[in-house]
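Right, one structure below, let's go through it.
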Protein chains: 2
Amino acid sequence: MNSAEELTAGQNLRHLPYNVFAKTCPSRGTLEHVTGRWGALTLGALHEGPFRFNELRRRVDGVSEKMLSQTLHALERDGLVHREAQPTNPPRVDYELTPLGHEVAERLLSLIRFVEGSMDDVLAARQTYDACRD
Amino acid sequence: MNSAEELTAGQNLRHLPYNVFAKTCPSRGTLEHVTGRWGALTLGALHEGPFRFNELRRRVDGVSEKMLSQTLHALERDGLVHREAQPTNPPRVDYELTPLGHEVAERLLSLIRFVEGSMDDVLAARQTYDACRD
DNA sequence: CAGCATCCGAGATGATACTG
DNA sequence: CAGTATCATCTCGGATGCTG
């Protein structure tokens with residue numbers, strides 16, 4: 001292998017400090033928070049601005065109060081979401097993305113929008129796949 | 001639209017944009033295949049080239065036979081992965097991304113690399129969060 | 001309004017054994 | 001090698017009731 005090939009291989013194998021492909025890497029857990037069923041939708045919703053708890057619940061259609069609460073706690077702990085509670089009565093709590101959260105959400109939304117835009121192809125592929133199994 | 005076109009609308013329907021935030025949207029299911037625990041890692045691994053079943057298993061550290069098989073089936077059905085089996089003995093089966101799969105994987109890897117690169121910030125945020133709860 | 005505590009079923013996951 | 005089949009386990013997620 002010459003030196004140019006070594007450089008290419010080095011980049012592809014990615015000897016970075018954190019490697020999500022290794023099962024002990026903590027980045028795997030954070031990736032699951034970000035890409036999880038409700039994590040992805042919550043980050044996507046919050047990318048449009050700050051929202052209160054029940055506003056978020058309506059935007060993330062189908063999420064239960066328990067799962068939204070749990071999801072927000074995980075994202076807050078990872079430093080992606082900021083929680084601001086006002087000690088009023090009735091209580092008012094606003095959630096918003098941190099700068100890091102916005103950067104994550106941008107990349108996530110790029111993926112989400114692409115998947116949405118590919119659904120006709122995906123559904124067509126499923127029909128072809130299912131047809132060949134009957 | 002005349003009545004004949006309406007009758008075949010199920011086949012030829014032109015959809016409004018798919019919206020993953022609506023709980024009945026099929027894009028939600030595909031997004032879960034793509035971002036799921038093993039789906040994301042499998043797409044990420046396959047972005048570097050075609051691999052055989054057990055090669056993939058070693059790259060996606062920790063995945064079981066069963067889950068890898070299940071994950072590959074879902075991604076193949078969605079048209080993101082192509083499976084090529086050679087009827088030799090012993091059998092040889094190669095998996096590779098389709099063009100659509102590569103586009104999805106690129107956006108996914110952008111997210112994965114960013115998360116990996118942010119882990120120092122994330123772990124610091126966790127310590128701060130946990131400290132304020134004791 | 002913004003949650004938490006509890007229970008419980010469904011589905012995801014893992015370990016093991018087996019097949020072509 | 002490339003899977004499938006089966007069973008045990010365990011987490012996720014929804015429903016409900018309650019609190020400040």
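Below, chain A is the first sequence line, B the second, and so on; all start at residue 1.
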**Report entry** Any A/Ser69 side-chain N or O less than 4.0 Å from OP1/OP2 of C/dA2
**Finding:** no
Query raised in the report: Do B/Leu72 and B/Leu56 have side-chain heavy atoms sitting under 4.5 Å apart?
Result: yes
Report summary line: All heavy atoms of B/Lys23 vs all of A/Gly62, minimum pair found to be CD-CA, 4.0 Å
Query - Side chain A/Ser110, main chain B/Arg107, donor-acceptor under 3.5 Å - result: no
Query raised in the report: Can you find a side chain N or O atom of A/Arg92 that sits less than 4.0 Å from OP1 or OP2 on C/dG3?
Result: no
Query raised in the report: Is B/Val20 close to B/Ser27 at the side-chain level, that is, under 4.5 Å between some pair of heavy atoms?
Result: yes
Report summary line: Separation of C/dC4 atom C1' from A/Leu68 atom CG, nearest Å, is 14 Å
Report summary line: Residue pairs passing the ring-ring contact (aromatic ring centres under 6.0 Å, His included) test with at least one member in residues 73-116 of chain B, sequence neighbours excluded, are B/His47-B/His102
Report summary line: Here the residues of residues 40-61 of chain A within 4.0 Å heavy-atom distance, strictly under, of DNA chain C are A/Arg52, A/Phe53, A/Asn54
Requested in this report: Please state whether the phosphate of C/dG3, meaning OP1 or OP2, lies under 4.0 angstrom from any side-chain nitrogen or oxygen of A/His73.
Outcome: no
Report summary line: With sequence neighbours left out, the residues meeting side-chain hydrogen bond (donor to acceptor under 3.5 Å, both in side chains) with A/Glu96 are none
Requested in this report: Let me know the distance between CZ of B/Arg83 and P of D/dC1, rounded to the nearest Å.
Outcome: 16 Å
Report task. Check each of B/Asp121, B/Leu123, B/Val122 against A/Asp78 using the side chain to side chain contact (heavy atoms under 4.5 Å, CB included) test, and report the only one that passes. Result -> B/Val122
I'd like a list of close polar pairs between nucleotides 8-13 of chain C and the protein, N/O only, cut-off under 3.5 Å.
unit_1, atom_1, unit_2, atom_2, d
C/dT13, O4, B/Lys66, NZ, 3.1

Report task. Output the residues of residues 24-34 of chain A in contact with DNA chain C, where contact means a heavy atom of the residue under 4.0 Å from an atom of the strand; sort by number or write none. Result -> none
Query - Rounded distance (Å) that lies between atom C1' of D/dG3 and atom CD of B/Gln86 - result: 16 Å
Within the sub-3.5 Å range, which N or O atoms of nucleotides 18-20 of chain C have a protein N or O partner, and how far apart are they?
none

Requested in this report: Give a yes/no answer on whether the side chain of B/Tyr95 brings an N or O atom under 4.0 Å of OP1 or OP2 in D/dC1.
Outcome: no
Query raised in the report: Taking the side chain from B/Arg28 and the backbone from B/Thr24, do they hold a donor-acceptor pair closer than 3.5 Å?
Result: no
